[in-house]
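What's counted below: heavy atoms across the whole structure, side chains too, no hydrogens, waters or symmetry copies. Just so you know, ligand 1 is whichever comes first in the structure, and atom 1 is the first atom listed for that ligand. Throughout, residue positions are numbered sequentially from 1 according to the sequence presented.
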Amino acid sequence: MSKEAMDENKKIKQRNAFLRDNNGKEMSSNEGVKISDDSNSLKAGDRGPTLLEDFLMREKLSHFDRERIPERVVHARGYGAYGEFELYESLEELTMAHFLQDPGVKTPLFVRFSEVAGSKGVNETNRDVRGFSVKFYTEEGNFDLVGNNIPIFFIQDGVKFPDLIHALKPEPNNEIPQGSTAHDTFWDFIANNQESAAMVMWIMSDRTIPRSFRMMQGFGVHTFRLVNKEGKSRFVKFHWRPVLGMHSFVWDEAQKLGGADPDFHRRDLWENINAGNFAEFELGIQVLEEADEFKFDFDILDATKLWPEEDIPVRIIGKMTINQNVENVFAETEQSAFHPGNIVRGIDFSNDPLLQGRLFSYTDTQLARVGTNYQELPINRPVCPVHNNQRDGASRYTIDRGRVAYHDNSLANNSPYTVPGTKGGFVTYPSTVQGLKERKTAPSFLDHFSQARLFWNSMTGVERSHIIQALTFELGKVKDVSIRQQVVDMLGNISTELATILARELGVAVPNVAESSVTKSSPALSMGNTVFSPKTLRVGVIVGEGFDGPSTQYILNELKGAGLRPVIVHERLGVVHGTEGVELKVDDSFLTGSPLVYDGLFVVGGQNQDEYFQKYTRSYAIETYNHFKPIGATPTGAALIQPAGIIGKPGVIVEQQPAAFAEQFIQAMTQQRFWNRM
Ligand code: HDD
């Protein structure tokens with residue numbers, strides 16, 4: 001297929017055949033009968049009772065009664081969109097995978113980002129791991145990369161997954177807390193399953209409170225294989241890198257935002273895609289020769305371990321652009337069915353026991369959640385032809401012709417034919433296996449603390465203080481003192497300093513264990529090294545009647561030119577008038593807006609600012625300041641926030657001259673957080 005043809009997004013074209021437009025159309029039942037009255041049931045007399053005969057009411061109510069399907073047992077809250085993946089350079093030397101051969105070729109895809117712990121309606125800014133699932137609709141079948149925004153996992157063996165999730169979800173006797181790990185059973189699991197040590201350090205870091213789905217990394221987590229056409233296999237790990245850089249909230253902000261806008265992440269993605277600010281991520285791979293499998297002090301099959309990028313560099317191979325929202329969240333996103341076992345020729349599994357468990361669980365869950373023929377649904381069907389002898393089942397959509405539904409056969413010349421590996425058929429990589437059949441953890445999986453320490457060593461001072469705060473909060477919510485003690489004891493294996501601080505904060509004893517001797521650090525693990533971009537960040541602009549028209553207009557244009565998104569905030573909705581005839585449409589009133597939903601604040605002010613205006617402006621500024629975000633102010637605006645006592649502090653910029661101010665403020669927005677405020 002030519003590049004031009006691929007550019008037209010084959011998946012969207014396929015999906016479009018299923019769209020239905022009801023606008024301006026006559027109403028009918030599902031059987032096609034035109035409906036004359038949709039507001040009154042059929043009654044015996046105008047005061048009832050309603051008659052069983054009312055087939056229209058029965059159809060409407062029965063369908064409504066069945067509108068929900070079971071929510072995902074994990075990752076229930078999520079949001080999806082379409083996009084495409086463009087390959088930068090051919091990976092022919094590493095893999096046969098069709099979509100990784102020709103540079104420039106675009107492969108259609110669907111992405112779903114999610115929160116792990118909460119139910120379908122949970123607020124989106126809770127501290128939680130984020131799911132990062134990508135379904136590539138390749139010409140040789142669907143390839144799903146079902147990852148997270150953290151490169152490792154809690155456990156090493158899939159058989160423990162139900163235990164982890166039972167401990168992490170709300171406690172069963174009272175169903176509390178929603179979407180949070182800050183409770184006894186979760187930390188009891190951690191203390192008694194110490195393979196989670198490294199993951200605990202990651203989930204207590206700022207990674208689990210991302211500013212946006214568009215601003216977090218993604219990881220395939222497991223070791224997979226790439227297999228080339230000579231049949232040579234290498235181990236591989238997949239990485240997604242956000243082009244906008246990694247941004248995170250601070251904890252207080254994330255918690256309050258849960259109330260101010262429980263839909264913050266989906267709104268951010270949806271609005272930006274609609275505005276043409278497409279989310280972009282580069283795909284990277286770490287490749288390891290089979291001969292080097294045992295060269296490390298960790299086992300590459302252990303999903304609680306990462307491959308340090310300084311030892312095995314990440315090679316960037318292409319870019320994903322997420323550029324189209326769905327038409328219907330249920331039909332597309334809710335029914336999307338991901339499965340790490342959806343691989344294509346040229347990619348294969350490793351023996352990672354966590355991955356092996358997942359290979360069973362996902363198809364099983366989709367059969368239970370969506371139904372037998374879930375792969376036929378528009379969102380899940382491949383863009384390449386599908387022919388086999390599978391038949392029937394609930395809600396079968398395809399109508400297979402002919403009487404032959406078995407293999408081998410002579411009546412259909414043995415078709416559909418199997419395809420040899422040399423002609424494009426999938427052939428499992430023939431890896432060697434040896435050993436006893438037994439239930440056992442490999443000795444090479446038993447070091448739980450070295451990489452936890454590596455992570456701790458790699459953090460900046462600010463990052464460490466956030467981890468300490470997060471642990472203090474989470475363990476502070478644990479009611480059982482013995483669990484608190486057990487976790488602090490466990491953390492003592494990572495860092496004596498960390499355990500000592502926590503012991504004091506949590507009222508438990510300092511553990512008497514030796515901390516890990518690892519001194520190595522990995523700069524790639526720190527978010528302190530991320531390069532930020534101001535693009536698409538939102539600036540709350542507080543404007544009062546009679547504001548300085550021309551200079552405000554100039555500054556706003558400069559901010560927009562840098563890719564920032566100013567949001568005009570005023571006492572009330574409508575239009576606010578400046579000098580020299582400049583008018584601005586108000587986006588948020590003080591009540592509908594919130595300093596929490598902006599990445600920075602620009603206080604313009606105006607004339608005739610009453611007490612209400614002054615009070616809200618001040619409280620917006622204080623909240624923004626406390627979350628370390630940039631504040632800009634005109635001289636009028638500065639007078640308004642003067643009583644807050646923040647003028648002259650880091651990241652608070654007062655305008656002297658519009659052009660210089662715009663430049664400084666954009667710079668401050670690019671820096672995003674001013675940690676040296678306290
Ligand atoms: Fe899982 C969903 C990611 C381990 C069993 N998982 C699910 C989703 C993501 C992940 C992103 C949401 C997919 C979507 O958007 O629809 N899971 C991971 C990662 C893991 C992991 C990165 C470790 C590396 N998961 C894991 C194990 C098991 C499962 C070990 C079971 C043995 N996961 C499931 C599931 C879910 C799921 C129960 C729930 C809904 C679904 O599959 O579609 O099958």
Enumerate, atom names and distances included, each donor-acceptor pair closer than 3.5 Å involving a side-chain atom of residues 309-320, sequence neighbours excluded.
residue, atom, partner, partner atom, Å
Glu309, OE1, Arg241, NH2, 2.8
Glu309, OE2, Arg241, NH2, 3.2
Glu310, OE1, Ser522, OG, 2.7
Glu310, OE2, Ser522, OG, 3.2
Glu310, OE2, Ala524, N, 3.1
Asp311, OD2, Lys520, NZ, 2.7
Arg315, NH1, Glu93, OE2, 3.2
Arg315, NH2, Glu89, OE1, 2.9
Arg315, NH2, Glu93, OE2, 3.4
Lys319, NZ, Glu280, OE2, 3.1

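Between Glu124 and Arg267, none of the side-chain N atoms (NZ, or NE/NH1/NH2) sits under 4.0 Å from a carboxylate O, so this pair counts as no salt bridge.
With sequence neighbours excluded, no residue forms a salt bridge (Lys or Arg N to Asp or Glu O under 4.0 Å) with Glu474. Residues passing the salt bridge (Lys or Arg N to Asp or Glu O under 4.0 Å) test with Glu327: none are found, sequence neighbours excluded.
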Between Ile322 and Phe281, does the side-chain contact (heavy atoms from CB on, under 4.5 Å) criterion hold? Intermediate values first, please.
CA-CA 9 Å; Ile322 306 172; Phe281 294 84; 3.9 Å; yes
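Smallest separation of non-hydrogen atoms from Lys477 and Ala182: CB-O, 3.3 Å.
Closer than 4.0 angstrom to ligand 1 sit non-hydrogen atoms from Arg72, Val73, Val74, His75, Arg112, Gly131, Phe132, Ser133, Val146, Gly147, Asn148, Phe153, Gly158, Phe161, Val221, His222, Phe338, Leu354, Gly357, Arg358, Ser361, Tyr362, Thr365, Gln366.
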